[in-house]
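Here the structure is a predicted model, which is why all the values come from computation and not from measurement. Below, all heavy atoms of this structure are taken into account, side chains as well, without hydrogens, waters or symmetry copies. Naming convention: chains lettered A, B, ... in sequence-line order (proteins, then strands); numbering from 1 in each chain.
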Amino acid sequence: MKLELSARHPFSLSAVVKSHGWIRLAPFGQDEQKRQTGGLTYVDQLNSGRVVDMDIREAADGVSVAVGQELTATEAAEVAEKVRWMLQLDLDLSTFHILARKEPKLAHVEATARGRLLRSPTLFEDTVKTILTTNTSWAGTIRMVEGFVSQFGAPLAANPARRAFPVPEKVAATDEETLRSSVRLGYRAPYVLELARSVASGALDLEALKTTDLPTTELRKRFLAIKGVGPYAAANLLMLLGRYNFIPVDSWGIKMVSHEWYGGEPVGASEVEAAFERWGEWQGLAYWFWDWSYADEG
DNA sequence: GGTAGACCTGGACGC
DNA sequence: GCGTCCAGGTCTACC
């Protein structure tokens, strides 16, 4: 089954895929051919319980989504809605692009259709993944997410090796020791377990925050109330929700700012924030897509 | 409100 | 092969 979805222009699927590291985390995938064309794959468990695989490619007016299974009308609508969300197909970045034209370090943004961030279909998935990026190497994040998905994700019938991201209920039913020792989440295990149980029980309606009109500072407080989510993680989640008032400052960003404006001298989070303060409600995006002078593999 | 120490893992390094 | 050190954000206790 194939779906055609339009995108607000300028749009580049490749730019979305390369926007950050999520593409390397299960159940996202990208074989060599898709790396060259900018496409991606994703395995998802639909509300009906069925696990489907999506093959997403750039098309004339947006993207085409090939689903490996025949879908009901309800399922097809769900897939379309999720892909629109994941790729931010409807996002209007024209104001940011106008501002970026005046800054040489951001002049590339509009021409290359950058600005969108790849995100997961659910805020639960993005929150778990964000927690698993904290206080570890990128290789560690990949390993933890891979273990988490392979242990608790529902398998694709045609290829059980490929699995969807676990639903909260499945994770909630496990215990901390399994998450620590088997999935090797370390001290993050109780954070992920508590999050899953809060969402599964209905105590925390995480998905409602995707479209809430709460002020950004209030939304940030909601994220900071989640165990394992601190200033960096909260800012990262806000970015994914299109709120760019806070910068997800991590050690890499501190290093970049240090070399960009302080001659490599030690700086802290406050210097990073000060460097982008003038960008106001767009500061997170300005930071994210800044053309850094200092070369680093990040 | 600010700060020190603990948390957990894997990789780098020295022996 | 083994032990030690270090990097990576957040939490808790304490001031």
Side-chain angles (χ1 to χ4, degrees), chain A residues 20-26 117 119-120 123-152 171 174-199 203-204 206 209 216-241 243-260 262 264-277 283-284 287-288 292 294-298:
Chain A
H20 61 137
W22 258 210
I23 187 63
R24 294 178 63 191
L25 301 180
L117 299 174
R119 52 191 183 185
S120 309
L123 192 51
F124 173 69
E125 180 175 336
D126 275 338
T127 305
V128 170
K129 285 178 171 175
T130 298
I131 290 174
L132 298 187
T133 64
T134 60
N135 204 27
T136 187
S137 63
W138 182 240
T141 299
I142 293 173
R143 175 188 55 76
M144 284 187 274
V145 173
E146 181 62 41
F148 188 70
V149 170
S150 63
Q151 182 112 359
F152 301 109
V171 183
T174 190
D175 55 76
E176 185 180 322
E177 183 54 29
T178 301
L179 289 170
R180 271 184 188 272
S181 307
S182 184
V183 191
R184 304 199 71 71
L185 299 189
Y187 70 90
R188 302 167 196 80
Y191 301 156
V192 172
L193 185 59
E194 183 176 323
L195 176 66
R197 288 183 173 167
S198 297
V199 173
L204 174 62
L206 206 49
L209 298 182
T216 302
T217 50
E218 185 57 36
L219 184 54
R220 181 171 181 266
K221 284 180 189 172
R222 300 286 181 94
F223 285 136
L224 290 175
I226 298 170
K227 285 276 184 64
V229 174
Y232 157 79
N236 193 60
L237 291 168
L238 287 172
M239 288 273 290
L240 291 174
L241 294 186
R243 314 278 192 121
Y244 312 117
N245 311 57
F246 293 89
I247 296 175
V249 181
D250 59 6
S251 55
W252 178 86
I254 286 173
K255 187 195 292 184
M256 291 300 110
V257 167
S258 165
H259 284 87
E260 190 83 2
Y262 294 88
E265 292 296 309
V267 299
S270 56
E271 281 80 9
V272 177
E273 287 157 2
F276 289 92
E277 194 177 8
Q283 56 188 292
Y287 164 83
W288 203 265
W292 301 102
Y294 184 67
D296 186 276
E297 291 178 3

Interatomic distance where CD1 belongs to Ile226(A) and P belongs to dT10(C) [whole Å]: 12 Å
N or O in side chain of Ser251(A) less than 4.0 angstrom from dG8(C) OP1/OP2: yes
Arg184(A) side-chain proximity, nearest of dG10(B), dT10(C), dC11(C): dG10(B)
Interatomic spacing from OG1 in Thr127(A) to CG in Leu237(A) - rounded to 0.5 Å: 4.5 Å
Base of dG8(C) paired with side chain of Tyr232(A) (donor-acceptor, under 3.5 Å): no
Parallel, tilted or perpendicular: ring planes of Trp22(A) versus Trp138(A), cut at 30 and 60 degrees: parallel
Interatomic distance where CZ belongs to Arg180(A) and P belongs to dG10(B) [whole Å]: 14 Å
Nearest-angstrom distance from the residue atom CD1 of Ile254(A) to P of dA7(C): 13 Å
Distance test, side-chain N/O of Arg188(A) to OP1/OP2 of dG9(C), below 4.0 Å: no
Separation of atom CD1 in Ile131(A) from atom C1' in dG9(C), rounded to whole Å: 11 Å
5' priority, DNA chain B, between Leu185(A) and Ala139(A) [closest heavy atom]: Leu185(A)
Below 4.0 Å: OP1/OP2 of dT9(B) and any side-chain N or O of Arg143(A): no
Sugar-phosphate only, base, or nothing, as touched by Gly140(A) at under 4.0 Å among non-hydrogen atoms: nothing
Parallel, tilted or perpendicular, as decided by the 30° and 60° cut-offs, for the rings of Tyr294(A) and His259(A): parallel
Donor-acceptor pair between Gln151(A) and Ser182(A) side chains, under 3.5 angstrom: yes
Nearest-Å distance for atom pair CG/C1', residues Leu195(A) and dT10(C): 15 Å
Sugar-phosphate, base or nothing in reach of Ala189(A), heavy atoms under 4.0 Å: nothing
Atom pair distance, as rounded to whole Å: CG in Asn236(A) and P in dG8(C): 16 Å
Rounded distance in Å - CG (Asn135(A)) to C1' (dT9(B)): 9 Å
Heavy-atom donor-acceptor pair, Asn236(A) side chain to Pro248(A) backbone, under 3.5 Å: no
Atom-to-atom span, CD1 of Ile247(A) to P of dG9(C) - whole angstrom: 15 Å
Of Thr136(A) and Lys227(A), the one whose closest DNA chain C nucleotide lies more 5': Thr136(A)
